Amino acid sequence: MNDCIFCKIIKKEIPASVVYEDEEILAFDDIRPQAPVHTLIIPKIHLASLKEASPEQAALLGKILIQAREIARLKGIDATGYRVVLNTGPDSGQEVLHIHFHLLGGRRLGWPPG
Ligand code: 5GP
Ligand code: ZN
């Protein structure tokens with residue numbers, strides 16, 4: 001996707017503070033952090049949202065969740081806890097149409113979310 005901002009980050013056309021990268025996944029810190037730790041974890045394939053995901057991508061999405069746990073450990077919030085958020089569609093407030101998991105922590109997070 002030529003006009004996708006996260007695809008541009010994957011291609012290093014836009015700088016980002018990369019936390020983790022492998023062949024399938026990229027994780028980088030959110031540009032407008034909502035908590036002391038706010039990292040976005042994305043697949044390198046362009047997929048607009050959970051709505052577009054297919055059962056064949058279950059392993060990839062599961063791998064992202066397991067990597068979120070590892071990034072929480074690297075960021076030092078595994079003991080205090082964290083939240084992984086996957087916004088999908090207009091009511092969720094999803095702004096970027098490249099599927100991304102938010103990893104949030106480092107402070108007490110409110111519930112229910114706003
Ligand atoms: P959404 O609202 O779609 O679930 O979350 C999109 C997130 O991407 C927001 O938290 C926003 O701050 C972040 N974001 C948008 N553009 C950029 C960017 O160019 N770089 C980084 N690092 N984060 C971005
Ligand atoms: Zn994309």
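Counting starts at 1 for both ligands and their atoms, in listed order. Just so it is clear, the structure is predicted and the values come from calculations on it, not from any experiment.
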How about Val19 and Leu103: do any of their side-chain heavy atoms sit closer than 4.5 Å? no
So, does Ile14 sit close enough to ligand 1 that a heavy atom of it is under 4.0 Å from the ligand? no
Taking 4.0 angstrom as the limit and counting only heavy atoms of Glu95, give me the atoms of ligand 1 inside it, by number and element. 1 (P), 2 (O), 3 (O)
On a heavy-atom basis, which atom in Gln94 and which in Gly89 lie closest, and how many Å separate them? OE1-N, 3.0 Å
Answer with yes or no whether Ile9 contacts ligand 1, where contact means a heavy atom under 4.0 Å from a ligand atom. yes
Counting C-beta onward and ignoring hydrogens, is there a side-chain heavy-atom pair between Glu52 and Leu97 closer than 4.5 Å? no
Answer whether the closest heavy-atom distance between the side chains of Ile99 and Phe6 falls below 4.5 Å. no
Mark up the atoms of ligand 1 that fall under 4.0 Å of a heavy atom belonging to Arg32, in ascending order. 11 (C), 12 (O)
What residue and heavy atom of the protein are closest to atom 2 (O) of ligand 1, and at what distance? Gly93 O, 3.1 Å
List every atom of ligand 1 that sits less than 4.0 Å from any heavy atom of Phe28, numbering the atoms from 1 in the order shown and giving each element. 21 (C), 22 (N)
Give a yes/no verdict on whether any heavy atom in Asp29 is under 4.0 Å from an atom of ligand 1. yes
Min heavy-atom dist Ala16 to ligand 1 below 4.0 Å: no
I need the minimum non-hydrogen distance between Ile10 and Pro43, along with the two atoms involved. CD1-O, 3.8 Å
For the residue pair Tyr82 and Arg69, establish whether any side-chain heavy-atom pair is separated by less than 4.5 Å. yes
For atom 15 (C) of ligand 1, grab the closest protein heavy atom and report residue, atom and distance to one decimal in Å. Val96 CG2, 4.1 Å
Three-point angle Cys7:SG, the Zn ion (ligand 2), Cys4:SG, rounded to the nearest 10°: 120°
Heavy-atom pairs closer than 4.0 Å: do any link ligand 1 to the side chain of Gln34, the backbone, both, or neither? neither
Hydrophobic cluster membership, Ile5 vs Val18, 4.5 Å side-chain cutoff: yes
Interfacing atoms of ligand 1 (cut-off 4.0 Å, heavy-atom, Ile5): 19 (O)
Taking the side chain from Glu95 and the backbone from Gly93, do they hold a donor-acceptor pair closer than 3.5 Å? no
For Pro33 and His38, which heavy atoms make the closest approach, and how far apart are they? CA-ND1, 3.5 Å
Test of understanding: clusters of I, L, V, M, F, W, Y form through side-chain heavy atoms closer than 4.5 Å, transitively. Do Ile71 and Leu109 belong to the same one? no
Is any side-chain heavy atom of Glu21 closer than 4.5 Å to a side-chain heavy atom of Lys44? yes
Taking distance alone, with no angle check, do Leu40 and ligand 1 share an N/O pair under 3.5 Å? no
What atoms of ligand 1 come closer than 4.0 angstrom to any heavy atom of His102? 1 (P), 4 (O), 5 (O), 7 (C), 10 (O)
Among Ile25, Leu61, Val85, which one satisfies side chain to side chain contact (heavy atoms under 4.5 Å, CB included) with Phe101? Leu61
Which ligand 1 atoms are under 4.0 Å away from a heavy-atom of Asn87? 4 (O)
Are His100 and His102 near enough that their ring centres are under 6.0 Å apart? yes
Considering only heavy atoms of Phe6, which atoms of ligand 1 have at least one such atom less than 4.0 Å away? 8 (O)
So which protein heavy atom does atom 6 (C) of ligand 1 come closest to, and at what separation? His100 NE2, 3.4 Å
Please determine if His38 has a nitrogen or oxygen closer than 3.5 Å to a nitrogen or oxygen of ligand 1. no
Which residue and non-hydrogen atom of the protein lie closest to atom 24 (C) of ligand 1, and at what distance in Å? Ile31 CG2, 3.5 Å
Return the closest protein heavy atom for atom 11 (C) of ligand 1 as residue, atom name and distance. Asp30 OD1, 3.4 Å
Vertex the Zn ion (ligand 2), arms to His98 ND1 and His46 ND1, rounded to 10°: 110°
